[in-house]
Amino acid sequence: MTQDELRRLIRIEERVHELADEYGLMTTKIDFEVCPARRILEAMSYHFPTNFSHWTFGRDFEKNRTFYEHTGTGIPYEQVWNFERPRALLVDTNPLPLNAMIIAHVYGHVDFFLASSFLKRGRSFSNVAEEARYAAERFRKYEAQYGQTAVEQTMDAALSIQWHQPLDVFLEEPDEEDARQALIAREKMKLASLEKNIRLNNKERAQETECVIRRLKRLEDITPPEPVYDILKYINRQSTRLKPFQQDIVSVLRNQARALAPNMLTKMLNEGWATYWHLRIIRKLTEEGLITSSEHGVWTTFHAKVTQRNKLHLNVYHLGPAIFEYAEHCWDTGRFGREYEDCTDPIERAHWDTGANKGKEKIFSMRESYSDRMAIEEFATDEFIRGNELYIYREGEDQRTGDRIAVIMEKNPGIIRRYLLMYFSYYGIPSIAVVDGNYQDKRIMLLKHDDHGMQLDETYIEGTLRHIHYLWGYPVYLDSIIDDKTHRYSFDGKRYSVD
Amino acid sequence: MPIIISERTAKRGEKDAKRHRDKQRELIKKQLPRIISEESIITRKHGKTVKVPIKLLDIPKFKHGSAKKGGAGIGQGEGSPGDIIGRQRGKGKGPGGKKAGNEPGVDYIETEIDMEEILEMMFEDLGLPRLDEKTVKMLVVELGLRLHGTTRSGPEALLNAGKTAQEGMQRFWHLLRELERQTGKSERVCYVALKQAKGIFGDARTLVNSGTIDEAEAEKIAVKAFVIMHPDDMRYHKQEEKITEQSQAVVFAMRDVSYSMNDEKKYLSRSLLYWLVNFLQHIYKEVVILFLAHHTTARFVTEEEFFYTGESGGTLCYSPYELAGGRIDAEFSPSQWNIYTWHFTDGDDFDPARTVREVKKICEKGISMAGYGEVRTEGDNTVSELMNAFSKELGLVKQIEDNLHTFESRDAGYPFLGIIIRQRKDILPALKAFLKQERWTS
């Protein structure tokens with residue numbers, strides 16, 4: 001980057017800040033760091049400015065870099081961290097209009113960081129970045145002391161179930177003893193109310209009482225007293241096998257996933273919001289002459305590439321802004337509420353416009369309180385799904401040629417909507433809980449998969465159970481329903497079996 | 001100013017990427033028995049790389065989906081149900097005809113490996129074949145370069161930072177003492193001057209002599225040696241070619257191309273010889289390999305012919321030994337050469353007794369090894385009459401190495417090794433057995 005370009009970029013950054021304020025976006029001071037491409041490639045692969053070493057990060061880094069160096073399309077795009085003072089990267093070799101766009105894009109993200117209730121929650125973990133830096137240091141020492149294999153195996157295992165967290169990102173699961181006492185208190189209240197219940201005859205009362213007493217007794221012993229979704233935390237507290245350095249690794253990896261979960265829940269909206277705004281800001285900068293018309297041309301090409309629809313994936317840079325624009329349009333024209341929903345006349349619906357003009361208000365409130373799933377629930381209407389030409393495809397084999405092919409299977413909006421909801425629920429992580437940590441009194445960990453109509457891919461069960469076993473040190477069982485039948489998958493340290 | 005220029009450069013990405021590649025390599029190593037038996041490698045004409053499907057490593061996680069019903073996904077674009085929107089050539093099946101993704105936590109990707117790399121990996125397990133130290137003709141084996149000692153010039157990449165700093169540190173003390181001597185001032189004053197002059201002696205002397213140094217202040221400052229660099233102090237690692245000398249070898253590669261050798265048998269013997277030859281060519285810059293094809297008669301052929309032709313007819317297994325024996329007498333004195341014969345046949349021999357005689361004869365010439373590979377794909381556990389004859393006449397002991405049946409002569413003193421190869425997965429163990437370094441040295 002030349003000095004002249006740097007000066008222009010500084011001017012552009014000031015103007016973008018002003019424009020963001022004018023448009024009603026929340027702003028704060030942002031550190032932009034001009035760096036070589038490899039730095040951003042590294043940041044993309046390591047999740048934090050400095051993070052511990054792991055081969056999966058290296059693999060992603062190499063993949064990203066190869067993509068960047070050999071295809072010319074994978075230009076490192078943007079990297080911004082949701083810190084107290086947000087930090088973003090700009091690539092020194094990127095053309096100026098691209099960097100200008102990234103600055104505008106980052107202002108969109110920063111507003112989202114400041115306004116979204118999910119991202120505020122994420123910021124409350126902002127010490128994880130600091131933690132990551134120190135962890136990198138500690139893990140290096142562990143490697144020297146305990147060997148690369150032990151450290152790596154522990155990381156592999158923890159990464160394998162890293163995303164199995166409390167279902168609610170805003171809540172921590174109570175500590176085991178607190179949960180137990182709350183449950184005991186509840187049972188005791190039942191016991192008290194049984195005594196006062198005049199509608200029961202003596203026999204019934206005796207029976208019920210006995211039941212409650214049995215439950216009370218069981219509550220004293222059982223661990224966990226109620227299903228626990230935060231598997232890593234449970235293992236870390238209860239495992240008798242983990243050495244202190246392993247506990248440290250497990251806890252760092254668990255905390256990182258915990259801090260990143262809010263981002264995962266709002267990824268589409270976050271990127272959508274930033275893209276929505278960079279489009280408008282760049283147009284404005286071009287009008288004002290801060291970006292020349294030939295630079296605007298360069299920018300358009302790039303913008304088109306980033307927001308391109310993908311035949312085999314959902315591109316959040318396309319779907320995200322599309323959903324905000326659709327929501328804005330609906331609320332500008334009054335296409336919401338009972339009257340509109342009850343209207344069945346297609347022509348009337350097509351021309352519906354009450355002049356409500358509430359679009360901006362709506363999208364600002366969406367970015368404040370919606371997760372991706374909530375936005376899909378409200379705005380993935382038949383009209384939206386058809387308009388955006390969404391479909392479900394299936395992978396299979398071409399019987400004739402042996403090629404691996406993808407075939408469009410479904411265009412029905414109702415089915416696609418269900419699929420989208422699943423896709424955006426808890427970023428696709430199956431919900432699995434520890435239901436017993438001392439099953440059959442043998443310290444066996446019993447896991448249960450909640451069946452929400454989606455079954456587990458059996459391919460990955462054994463590998464994952466092996467990893468959990470590595471941390472837990474005793475046999476691990478998993479109950480899950482596959483093809484309408486409950487199966488028990490187990491790994492006892494030597495053998496994997498399915499019942 | 002909110003835009004700052006980054007100063008940080010980290011190298012972690014490369015290091016961790018290397019770790020991933022190492023893990024991939026371990027995996028490839030595990031798959032070597034399958035990889036080296038791939039037909040595409042043997043039939044390939046002198047390319048440098050080989051395409052092999054290997055796994056892209058990932059950590060297994062609980063995932064939704066159904067392997068049975070095939071993956072599904074959501075996409076965007078024009079089209080109606082039934083339209084094909086993506087196609088990957090011939091990727092439907094994973095290696096070995098297994099459906100890709102049957103194993104936990106892995107994806108298959110097709111990747112290219114250098115032949116050299118495959119050989120290197122095989123070496124890690126194998127060691128070098130036994131070659132006796134024969135005195136007369138030595139041949140030179142290059143093992144690459146090594147760093148040994150230091151020198152005063154060289155490329156920057158070989159800069160020996162430690163040594164260079166040491167020299168620079170010595171220079172500091174020399175200059176300090178010289179400054180003291182020339183100016184007569186104390187060590188600390190001279191030190192401050194030297195430091196202000198950034199190590200340039202002339203400037204430091206001027207500073208001291210002009211009296212610009214606050215001497216009282218200078219006396220409070222402790223001397224902290226620093227490195228003063230001068231081109232003369234640069235030290236570089238010296239590069240040397242690492243060379244060891246090995247005695248020379250001649251190999252007679254012999255292949256039965258008769259009618260009874262069906263395609264699979266031909267394939268197995270071709271594959272084994274292919275790797276044996278590759279090994280030798282890889283390790284020794286100069287190794288003489290002579291190719292003999294035989295049915296009832298034997299003849300010397302070119303390498304190309306040897307690997308790619310098929311013939312027919314009956315079998316007389318003594319014929320190649322006879323021919324090789326003549327060649328040894330004429331050209332390769334056993335006192336100067338390590339001589340190997342590697343013979344592959346199904347053992348379907350019209351005259352086993354004579355073959356045994358010829359093998360005995362050739363062994364008695366003092367060769368290093370008579371390797372005999374019998375390819376039997378019939379699916380039973382029997383061996384040929386020829387093998388039985390060898391066993392009896394040469395006093396062979398039957399053993400099981402790596403699930404392979406081997407026949408080896410211990411007491412009778414013949415350097416004979418017979419191996420029964422029944423299927424493709426025997427290829428790697430058979431190679432190991434043939435190339436085992438210390439077979440007869442103990």
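Naming convention: chains lettered A, B, ... in sequence-line order (proteins, then strands); numbering from 1 in each chain.
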Okay, A:I432 and chain B: the region with an atom under 4.5 Å from a heavy atom over there is side chain
Note to self: If the threshold is 4.0 Å, N to carboxylate O, is there a salt bridge linking A:R133 and A:E137?
What the structure shows: no
Whatever's closer than 4.5 Å to a heavy atom in chain B on A:N388 counts as both
When the 4.5 angstrom heavy-atom criterion is applied to A:E14 and chain B, the contacting part is neither
The interface call for B:K18 against chain A, heavy-atom contacts under 4.5 Å, is neither
Turns out that what part of B:K61 lies under 4.5 Å from chain A's heavy atoms comes down to both
Just checking, any donor-acceptor pair under 3.5 angstrom between side chains of A:T307 and A:H318? no
Pair A:R38 + B:E14, salt bridge at N-O below 4.0 Å: yes
When the 4.5 angstrom heavy-atom criterion is applied to A:H17 and chain B, the contacting part is neither
If you take the centroid of each ring, where Trp contributes its six-membered ring, are A:Y229 and A:H164 closer together than 6.0 Å? no
Cut-off 4.5 Å, heavy atoms of chain B, and the answer for A:S160 is both
Residue set satisfying ring pair (Phe, Tyr, Trp, His ring centres under 6.0 Å) with A:F52, at least two apart, ordered chain then number -> A:F57, A:F139
Whatever's closer than 4.5 Å to a heavy atom in chain B on A:I429 counts as backbone
Under 4.5 Å to a heavy atom of chain B? For A:N51 that would be backbone
Under 4.5 Å to a heavy atom of chain B? For A:Y391 that would be both
Are the charged groups of A:R59 and A:E62 less than 4.0 angstrom apart, N to O?
no
Residues at least two apart in sequence or cross-chain that pass side chain to side chain contact (heavy atoms under 4.5 Å, CB included) with B:Q166, listed by chain then number, are B:K163
Turns out that what part of A:I12 lies under 4.5 Å from chain B's heavy atoms comes down to neither
Point to revise | Pair B:R19 + A:E152, salt bridge at N-O below 4.0 Å | key: yes
Honestly, the part of A:H54 sitting under 4.5 Å from a heavy atom of chain B is both
